[in-house]
Amino acid sequence: MLTIKTFEFNDIGVNTYVLSSTNNECVIIDPGCYSEAEKQQLDAYIAGANLQVVGLLITHCHIDHILGIAHIEDTYHIGATIHAAGAEFLRASVGYASVFGFELDRIVKAAHFIDDGDVIRFGDVSMRVVYTPGHADGSVCFICDEEQLVFTGDVLFLGSIGRTDLPTGDFKMLTDNIKNKLFILPASYTVYAGHGPTTTIGYEQTNNPFID
Ligand SMILES: [Zn+2]
Ligand SMILES: [Zn+2]
């Protein structure tokens with residue numbers, strides 16, 4: 001069984017998810033924690049639930065989703081897992097940070113790489129990786145079939161999709177990937193997006209104005 005804790009972190013409002021299994025192993029998706037208070041909030045939850053951090057998954061390496069990687073590395077000694085196509089964003093992260101009004105004191109590197117079709121396991125949970133670029137190179141979604149849910153990062157939101165005007169953005173690629181890789185999931189699947197509230201695949205199939 002999977003327990004999901006959602007935090008909304010930093011001024012851009014990224015959803016950081018802590019997913020924990022019944023054996024208390026957990027993975028963190030998109031560590032957006034930036035301020036000391038946000039880092040403490042995350043740490044207090046992990047300590048309070050007696051969780052052991054075993055993975056740090058990044059849906060894509062845009063700055064708002066990676067601000068807390070160094071904190072997770074320093075505190076839990078767990079490095080980031082990314083798709084290799086996103087590595088350039090990490091290399092350039094200090095520069096991107098300043099553009100968006102953040103300050104990063106060091107460049108972090110990926111510790112592990114994932115690709116389309118890979119399966120991530122912790123405790124009794126397994127999630128498969130689908131590669132869904134179009135918002136940014138290296139964008140992946142994590143699908144847990146057993147729990148009928150998908151973490152979409154900035155690919156798919158409630159009633160919206162990721163912006164495609166940033167470097168490596170491509171509207172057609174993004175909408176094709178949503179149609180061909182996400183909208184093939186059962187309508188009942190819950191969508192946990194990188195920003196904003198949850199939705200479902202079925203709701204988006206019917207109502208998302210960006211996908212015909
Ligand atoms: Zn993004
Ligand atoms: Zn984002």
Side-chain angles (χ1 to χ4, degrees), residues 4 6 12-17 19 27-32 55-66 80-93 96 110 112-120 125-212:
I4 301 171
T6 307
I12 300 179
V14 161
N15 288 329
T16 294
Y17 297 105
L19 317 184
V27 302
I28 299 166
I29 298 182
D30 290 353
L56 176 57
L57 308 179
I58 311 296
T59 61
H60 66 300
C61 293
H62 275 163
I63 190 66
D64 46 330
H65 297 252
I66 65 161
T81 297
I82 72 166
H83 188 284
E88 185 52 37
F89 287 103
L90 278 188
R91 272 193 287 275
S93 58
Y96 279 120
H112 309 282
F113 293 104
I114 41 173
D115 206 348
D116 196 74
D118 285 354
V119 176
I120 291 154
V125 177
S126 64
M127 296 194 296
R128 55 194 174 89
V129 176
V130 286
Y131 186 44
T132 50
H135 166 66
D137 274 1
S139 289
V140 294
C141 297
F142 302 107
I143 299 170
C144 181
D145 291 300
E146 203 158 50
E147 303 279 341
Q148 301 202 4
L149 50 87
V150 51
F151 296 90
T152 57
D154 287 0
V155 171
L156 180 65
F157 304 117
L158 170 62
S160 189
I161 62 173
R163 55 190 286 191
T164 52
D165 59 328
L166 296 169
T168 75
D170 182 321
F171 182 83
K172 185 173 185 322
M173 191 190 293
L174 179 61
T175 52
D176 282 351
N177 277 327
I178 292 170
K179 276 186 267 195
N180 299 328
K181 295 185 171 176
L182 296 181
F183 281 7
I184 58 168
L185 295 171
S188 57
Y189 274 39
T190 302
V191 173
Y192 289 83
H195 302 268
T198 58
T199 178
T200 64
I201 291 293
Y203 181 87
E204 298 309 319
Q205 284 167 329
T206 308
N207 299 295
N208 195 299
F210 295 95
I211 318 287
D212 48 33

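Because the structure is a prediction, the values reported are computed rather than measured.
For the pair P186 and I201, the minimum side-chain heavy-atom distance is 4.5 Å or more. Between D145 and Y189 there is a side-chain heavy-atom pair separated by less than 4.5 Å. Residues F89 and T168 form a side-chain contact, since some pair of their non-hydrogen atoms from C-beta on lies under 4.5 Å apart. Contact annotation: the side chain of N177 never approaches that of L182 to less than 4.5 Å [non-hydrogen atoms, C-beta and beyond]. When side chains are defined from C-beta on, I120 counts as touching L57, because their heavy atoms get closer than 4.5 Å. With a 4.5 Å cut-off on side-chain heavy atoms, L158 and E204 count as touching. Between T164 and M173 there is no side-chain heavy-atom pair separated by less than 4.5 Å. With contacts defined as side-chain heavy-atom distances shorter than 4.5 Å, the pair T16/I28 qualifies.
A donor-acceptor contact shorter than 3.5 Å links the side chain of Y131 to the backbone of G138. A distance-only check finds no donor-acceptor pair linking the side chain of D118 to the backbone of V129 [under 3.5 Å]. With hydrogens and angles disregarded, no donor-acceptor distance shorter than 3.5 Å links the side chain of T199 to the backbone of V191.
In summary, the side chains of N208 and Y203 do not present any donor paired with an acceptor at a separation below 3.5 Å, with no hydrogens or angles considered.
The CD1 atom of I29 sits 5.5 Å away from the CZ atom of F142 when rounded to the nearest 0.5 Å. Interatomic distance, CD of E147 versus CD1 of I4, reported as 7.0 Å (0.5 Å rounding). In this structure, the separation between OG1 on T81 and CG on L56 is 6.5 Å, given to the nearest 0.5 Å. With values rounded to the nearest 0.5 angstrom, I143 atom CD1 is found 10.0 Å from K181 atom NZ. Here the SG atom belonging to C141 is positioned 10.5 Å from the NE2 atom belonging to H60, to the nearest 0.5 angstrom. Taking CD from Q205 and CG from L185, the interatomic distance works out to 8.5 Å, rounded to the nearest 0.5 Å.
The shortest heavy-atom contact between Y17 and A193 is OH-O, 2.6 Å. What you find for D30 and V14 is that their closest heavy atoms are O-CG1, 4.2 Å. Here the closest non-hydrogen pair linking I82 and C61 is CG2-SG, 3.8 Å. When every heavy atom of F157 is checked against every heavy atom of G153, the shortest pair comes out as CE2-O, 3.6 Å. Between P209 and G159, the closest heavy-atom pair is CD-O, 3.4 Å. Across every non-hydrogen atom of N15 and G196, the tightest pair is ND2-O, 2.8 Å.
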Derivation of the side chain to side chain donor-acceptor pair (under 3.5 Å) call for H83 and D115: CA-CA 6 Å; H83 188 284; D115 206 348; 3.0 Å; yes
Side chain to side chain contact (heavy atoms under 4.5 Å, CB included) between T59 and T152, worked out: CA-CA 7 Å; T59 61; T152 57; over 6 Å; no
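We find that R163 and D154 are not joined by a salt bridge, their nearest charged nitrogen and carboxylate oxygen being 4.0 Å or further apart.
Taking the six-membered ring where the residue is Trp, H135 and H62 present perpendicular rings, their angle passing 60° and hence far from 30°.
A 6.0 Å sphere centred on CD of E146 holds no more than 12 heavy atoms belonging to other residues, nucleotides or ligands.
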